[in-house]
Protein chains: 4
Amino acid sequence: MIKGRTFRPLEARRERRIARRKTQIMNAAAILFSEKGYDGTTTKEIAATADMAEGTLYNYFSSKRDILLGIATEMNEALGGLLGNVEELKGREDIIDLVQRSFDLLVERLTFTRTVLMRVWIDDEVLREVVIEGVQRVSQQLQQFIAELITAGIFRPVDPALTARIIMGMFVTPMLPVLRGMDTLPTLEERQAIAEATVDLLLEGIRARPAPGV
Amino acid sequence: MIKGRTFRPLEARRERRIARRKTQIMNAAAILFSEKGYDGTTTKEIAATADMAEGTLYNYFSSKRDILLGIATEMNEALGGLLGNVEELKGREDIIDLVQRSFDLLVERLTFTRTVLMRVWIDDEVLREVVIEGVQRVSQQLQQFIAELITAGIFRPVDPALTARIIMGMFVTPMLPVLRGMDTLPTLEERQAIAEATVDLLLEGIRARPAPGV
Amino acid sequence: MIKGRTFRPLEARRERRIARRKTQIMNAAAILFSEKGYDGTTTKEIAATADMAEGTLYNYFSSKRDILLGIATEMNEALGGLLGNVEELKGREDIIDLVQRSFDLLVERLTFTRTVLMRVWIDDEVLREVVIEGVQRVSQQLQQFIAELITAGIFRPVDPALTARIIMGMFVTPMLPVLRGMDTLPTLEERQAIAEATVDLLLEGIRARPAPGV
Amino acid sequence: MIKGRTFRPLEARRERRIARRKTQIMNAAAILFSEKGYDGTTTKEIAATADMAEGTLYNYFSSKRDILLGIATEMNEALGGLLGNVEELKGREDIIDLVQRSFDLLVERLTFTRTVLMRVWIDDEVLREVVIEGVQRVSQQLQQFIAELITAGIFRPVDPALTARIIMGMFVTPMLPVLRGMDTLPTLEERQAIAEATVDLLLEGIRARPAPGV
DNA sequence: AATGAATGAGCATTCATTCAT
DNA sequence: CATGAATGAATGCTCATTCAT
């Protein structure tokens, strides 16, 4: 990227400043969106929370909507880092670890998650951005993973597509009250306990077992 | 409610007319809310869809918000009829039947469900109305049911509260793409297949089993 | 238009009320536009001048721009009534009379004229609406009139198109200071004097000539 | 201005640079003003067209408005050079030549002309700057010229003030479609033809006459 | 002198609610 | 009861101007 004398530190600094500003705005917006909804949040409030003038928002985003899409994209990219190595998931511990990292992601970016989950429900573009490109990819990796383990005789012969969907539901739902702001953030230990309980519930149902009496 | 000579047919007819009007308005509003969101829907549109003048809405509801709460309440009452007889749930078939009736409820009142699920995310009053009074009651019945079956030695000893939450997630999530409008409505057969797959996944994991070799 | 029992007085009254409101708004807007320009006028001011709330404007016009187009259209229609009978223009008196009626039109609708003349300069849609459909029609009738009188030997052989353009300039220009608000409105006598001087200048030119027959 | 030992070449260079910058800005602004109107043009666009940063504009002009007044002034000064020698106008050829030089001026500074003509309509200061000081001076010279030729028996006895106004209209109007951007720029030959036709119409009128001496 | 990010007052437009008919 | 015109506060966004670098 940076070669020979085309290295321009001023430009790099500029880009960092822009990135910092965008983050500052998205953080402020996500807090408000997650508390009051997209339509219930005004640009005036976003600016005040981000500690800048209203017009400054528009130097970094072309519209209120663009801030929302920025949040969705950021969330999506974070999600992308989660499942790169699905083929390495072999034992119970690996799966628990993956689940826990998912929880961590949701919790770290709590307001982003809340915002995106809320908006995906009616905004078709956010739906495409996040679900089609993000969740669906996760889902397909999951289906492939399930299919392989069925072939290997480790899982019972279930419908991979439907099961993938159910599994994702199993893992997101325990977090819903937290995301909604009804429960307080779970501690690390609590998250671990939830992850283990969920994985065990899943495995004991889905794992093929030697016929009794063998 | 109406007894003896206080029976006044005129008044009853009046009440029925009022109820019919309210339903007409809530149906229209739910369609629009579920398509465009609460804030994205104008009272002018609701009136047009309900085939009446804008001002007429306010003879039956005190505000746009009141229409939303009416929808939430209605949904909640429908949910109440679902789990009256939790102690009768004994075998796999009973549970599958319950799950299927839940699916039917969501699908029948598709727009109501969509509206309420969307709005519960940020509106604290809807949250109280629906979740605290509706979902939580279901959840508690479910926990009690799980606890009893654990005591009876039919289920493994799991955490009833967490498991109840996971189970509800398992059952709602397969319906999400339908509720979101991404998938078409499943046929009766499809709903049955989903219900069976979900219950089997649940049972095979949660049911205690005789030790192998016995 | 109104036949048998399809006569609906209520609807007619409604239409009259709407027409009255639109006129009220266009009059207010034209005053402000002509004083401060289109962009220099706010909808708040228009509403205040028309003695109604800001939102009420939008029950009758879909945008500020639509008010402007309404004014242009109205002006255009008034212009249309001016030149129906160009073939009746025979002598000097007829022409003076036509010129005077033009002056009257401009003066009566002073603010409309000012508004349209100002806006036609940069707004292409107003240009089309007014010039292409209005002025151009007048111009063509004028060219035809000139051509006929040339054929009849009454006019010198001049270029009809160019001459029509020059003539229109001769008649509009004396009014410009009035339209611009620099001069006060001319009285009827003054308008008559201007009309006669202009027509004579057109017909005879400025150069002194020996009396015919001498 | 610069005499004796106060002559400072550095200062002169500085002034030339400032003058060049101001011209650069006014040219850019005039293009945009003439296309989109004063209010429709942003300082950001002016800066971009003039190939400099937005803030730089304010080193040379105190406001957007000041740029406009600069354009008006420049136009006015150019107009001043046109009529210095009105007493030399003697024959038809001289007048045609003057008319043609006017056309050339308008065409050369097309965007300046467009801008000023547009803005003079509502901006009182531009009106004063250009009309009162520029056009009115032309008009007075014209009136004096007419009055003298009447006295000399060369022109008919017409009202000099009104006639001056009409004449100016005759000469500007043929150019309006060009200024408005509806017609393409006329070639030199076309401009000459227009000038001749206009002057002849002015001198001789439109009415056919028996050839003198017949 | 040049820059361009920051500013915030000001704008056109929307829409839930009221109320005279 | 039903109507739909009137209301005006509130909104997202623009842009001339300033000023630290």
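So you know, we letter chains A, B, ... as the sequences are listed, proteins then strands, and number each from 1. Because only heavy atoms are used, hydrogens play no part in the values below, and waters and symmetry mates are left out as well, while side chains stay in.
Rounding to the nearest 0.5 Å places CG of A/Leu69 at 13.5 Å from CD of A/Glu74. The CD1 atom of D/Ile71 lies 8.0 Å from the CG atom of D/Asn27; values are rounded to the nearest 0.5 Å. The OG1 atom of A/Thr49 sits 12.5 Å away from the NZ atom of A/Lys44 when rounded to the nearest 0.5 Å. Taken from CG in C/Asn59 to CE in C/Met52, the straight-line distance is 9.5 Å, to the nearest 0.5 Å.
The closest donor-acceptor contact from the side chain of B/Gln24 to the backbone of B/Ala50 lies under 3.5 Å.
For the pair B/Arg14 and F/dC1, the criterion of a side-chain N or O lying under 4.0 Å from OP1 or OP2 is met.
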Evaluate salt bridge (charged side-chain N to carboxylate O under 4.0 Å, His left out) for C/Glu35 paired with C/Arg114, printing each intermediate quantity in order. CA-CA 9 Å; C/Glu35 280 171 0; C/Arg114 280 203 69 183; over 6 Å; no
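Atom CE of B/Met52 is separated from atom P of F/dT3 by 8 Å (rounded to the nearest Å). As a whole-Å value, the separation of A/Leu32 CG from F/dT11 P is 13 Å.
Closest approach of D/Thr41 and D/Ile46 over heavy atoms only: CG2-CG1, 3.7 Å.
Near DNA chain E, meaning a heavy atom under 4.0 Å from it, residues 118-126 of chain C has no residue at all. Less than 4.0 Å separates DNA chain E from at least one heavy atom of each of the following residues of residues 18-28 of chain D: D/Arg21.
A 4.0 Å heavy-atom criterion places the boundary nucleotides of DNA chain E facing chain D at E/dA1 to E/dG4, written 5' to 3'.
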Parsed dot-bracket for DNA chain F after applying the Watson-Crick and G-U rules with both distances under 3.5 Å and | for other-strand partners is .||||||||||||||||||||
Which atoms of nucleotides 12-15 of chain F (N or O only) lie under 3.5 Å from a protein N or O atom, and what are those distances?
| residue | atom | partner | partner atom | Å |
| --- | --- | --- | --- | --- |
| F/dG12 | OP1 | A/Thr41 | O | 3.1 |
| F/dG12 | OP1 | A/Lys64 | NZ | 2.7 |
| F/dG12 | OP2 | A/Thr43 | N | 2.9 |
| F/dG12 | OP2 | A/Thr43 | OG1 | 3.3 |
| F/dC13 | OP2 | A/Tyr58 | OH | 2.8 |
| F/dC13 | OP2 | A/Lys64 | N | 2.8 |
| F/dC13 | O5' | A/Tyr58 | OH | 3.4 |
| F/dC13 | N4 | A/Glu54 | OE1 | 3.4 |
| F/dC13 | N4 | A/Glu54 | OE2 | 3.0 |

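No more than 12 heavy atoms of other residues, nucleotides or ligands lie within 6.0 Å of CZ in B/Arg14, so this atom counts as exposed by the packing criterion.
Counting any heavy atom pair closer than 4.0 Å across all strands shown, B/Phe61 reaches no nucleic acid atom.
Side-chain contact between B/Leu68 and B/Asp123 is present, with at least one heavy-atom pair separated by less than 4.5 Å.
Relative to the six-membered ring of B/Trp121, A/Arg180 misses at least one condition, a distance below 6.0 Å or an angle of at most 45° to the axis.
By the 4.0 Å N-to-carboxylate-O rule, B/Arg119 lies close enough to B/Asp39 to be salt-bridged with it.
The ring-ring contact (aromatic ring centres under 6.0 Å, His included) pairs that include a residue from residues 37-67 of chain D are D/Phe33-D/Tyr38, where partners are two or more places apart or lie in different chains.
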